[in-house]
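All residue numbers in this chain count up from 1 along the given sequence.
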Amino acid sequence: MPPLAHRLAPPSRDILLLRAINYGFARMFHDVRVLTPPPLPRVGSAIVCCNHVSGLDPLLIQSTTRRIIRWLTAIEYCKAPGLKSILARLRAIPVERAGRDGAAIRTALRALRDGEILGIFPEGKIEVGDALDEFQTGAAALAIHGKCPIVPGYLDGTTRGRSMGDAFGKPNRCVIAFGQPIHPIPGDSPEALTARLRDAIGHLRTTVLRRTTAGPP
């Protein structure tokens, strides 16, 4: 079998164009400040896990890395007019919210075996308040079975509490920070790995809030 780097096809021209447009949209129009960039591997798989404050989050997070992130996305968004074709081009993985979606799990594991980057919001929904919601164990289970690290992140800003239209169409100020990769260890359970992930994102939350409340130097 050829080395992984040679088996992965480079991003298509339209994906590169979408990435460039998204960079300007997120970093300039929405003023995303990256306190610490995501330590993703140049080659090989990983799962990016971040808190979830608005429908804009995947675009803001994608702007922090050159690696293309394949997001596990609620199936209703993958079918929505205006989003359907874009999410299909980005190869988002549709997920049924109710129950265990076996097809989505198989697709996600195949992506990890192929050396791709997945994006998952472990809360499973947009936060209704300022605190982290309960984490689901799906991301940890994928990391254990896919034998890949999880890169934790925390995002905050003026997108919080806005409707999707407001979040996309009005300029925002956002801050994001990423922590060091969390590697599954032998004997890890999804619950144990999820607890470590939540602790890491909680620590990043403290860092981000301290910086945002302190204001510019």
Side-chain angles (χ1 to χ4, degrees), residues 11 15 18-19 22 26 38 40 44-65 67-128 132-155 159-160 163-165 167-168 176 178 182 184 188-198 200-201:
I15 292 296
L18 284 173
R19 187 177 68 185
N22 179 65
L40 294 172
S45 61
I47 302 174
V48 176
C49 285
C50 190
N51 68 310
H52 199 10
V53 301
S54 81
L56 192 60
D57 296 347
L59 303 183
L60 304 183
I61 295 168
Q62 178 62 70
S63 76
T64 67
T65 177
R67 295 289 308 267
I68 300 299
I69 302 174
R70 289 187 69 181
W71 289 95
L72 274 73
T73 306
I75 195 166
E76 57 265 30
Y77 293 118
C78 295
K79 294 180 177 179
L83 288 177
K84 181 178 179 180
S85 60
I86 295 175
L87 291 175
R89 285 180 180 274
L90 295 174
R91 300 169 65 227
I93 300 173
V95 179
E96 293 278 3
R97 288 184 186 270
R100 183 181 174 88
D101 191 335
I105 293 171
R106 290 191 294 274
T107 301
L109 286 174
R110 187 161 54 247
L112 293 175
R113 286 196 297 270
D114 289 343
E116 296 187 89
I117 304 294
L118 295 184
I120 299 176
F121 297 110
E123 293 163 300
K125 62 183 185 301
I126 292 175
E127 296 169 358
V128 295
L132 294 174
D133 289 331
E134 182 179 354
F135 278 26
Q136 300 177 15
T137 59
L142 285 173
I144 291 169
H145 289 289
K147 298 180 173 60
C148 73
I150 297 176
V151 174
Y154 185 83
L155 170 69
T159 56
R160 186 184 289 275
S163 67
M164 184 172 289
F168 273 80
I176 188 167
F178 294 92
I182 303 170
D188 243 342
S189 68
E191 291 76 16
L193 183 54
T194 299
R196 300 209 307 275
L197 171 62
R198 197 178 194 285
I201 293 180

Verdict with supporting geometry, Ile176 and Leu60, side-chain contact (heavy atoms from CB on, under 4.5 Å): CA-CA 9 Å; Ile176 188 167; Leu60 304 183; 5.8 Å; no
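Under the side chain to side chain contact (heavy atoms under 4.5 Å, CB included) criterion, Pro152 pairs with Ile182, Leu197, Ala200, Ile201, Leu204, sequence neighbours left out. Every side chain to side chain contact (heavy atoms under 4.5 Å, CB included) that Thr65 has, sequence neighbours left out, goes to Pro38, Leu40, Gln62, Arg67, Ile69. Partners of Glu76 according to the salt bridge (charged side-chain N to carboxylate O under 4.0 Å, His left out) rule, which considers only residues two or more places apart in sequence or in another chain, are Arg97. Remark: Arg110 engages Thr107, Arg113, Asp114 in a side chain to side chain contact (heavy atoms under 4.5 Å, CB included) (not counting sequence neighbours). Checked against side chain to side chain contact (heavy atoms under 4.5 Å, CB included), Ala195 has no partners two or more places apart in sequence or in another chain. For Arg91, the side-chain hydrogen bond (donor to acceptor under 3.5 Å, both in side chains) test picks out Glu116, with sequence neighbours left out. Among residues two or more places apart in sequence or in another chain, the salt bridge (charged side-chain N to carboxylate O under 4.0 Å, His left out) test is passed with Arg196 by Asp188.
The CD1 atom of Ile120 lies 12.0 Å from the CZ atom of Phe135; values are rounded to the nearest 0.5 Å. Taken to the nearest 0.5 Å, the CG atom of Leu112 stands 8.5 Å off from the CD1 atom of Ile117. The distance from the CG atom of Leu56 to the CD1 atom of Ile61 is 9.5 Å, given to the nearest 0.5 Å. From Leu132, atom CG reaches atom OH of Tyr154 across 6.0 Å, with rounding to the nearest 0.5 Å.
Among all heavy-atom pairs drawn from Asn22 and Ser63, the shortest one is ND2-N, 3.7 Å. Across all their heavy atoms, Ile75 and Pro94 have their closest contact at CG1-CB, 4.0 Å. The two residues Arg198 and Asp133 have their closest heavy-atom pair at NH2-O, 3.3 Å.
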For residues 46-53, tabulate all N or O donor-acceptor pairs below 3.5 Å that involve a side-chain atom, not counting sequence neighbours.
residue : atom : partner : partner atom : Å
Asn51   : OD1  : Leu155  : N            : 2.7
Asn51   : ND2  : Glu127  : OE2          : 3.4
Asn51   : ND2  : Leu155  : O            : 2.9
His52   : ND1  : Ser54   : O            : 3.4
His52   : ND1  : Asp57   : OD2          : 2.7

What donor-acceptor contacts under 3.5 angstrom involve side-chain atoms of residues 136-149, with partners at least two apart or in another chain?
none

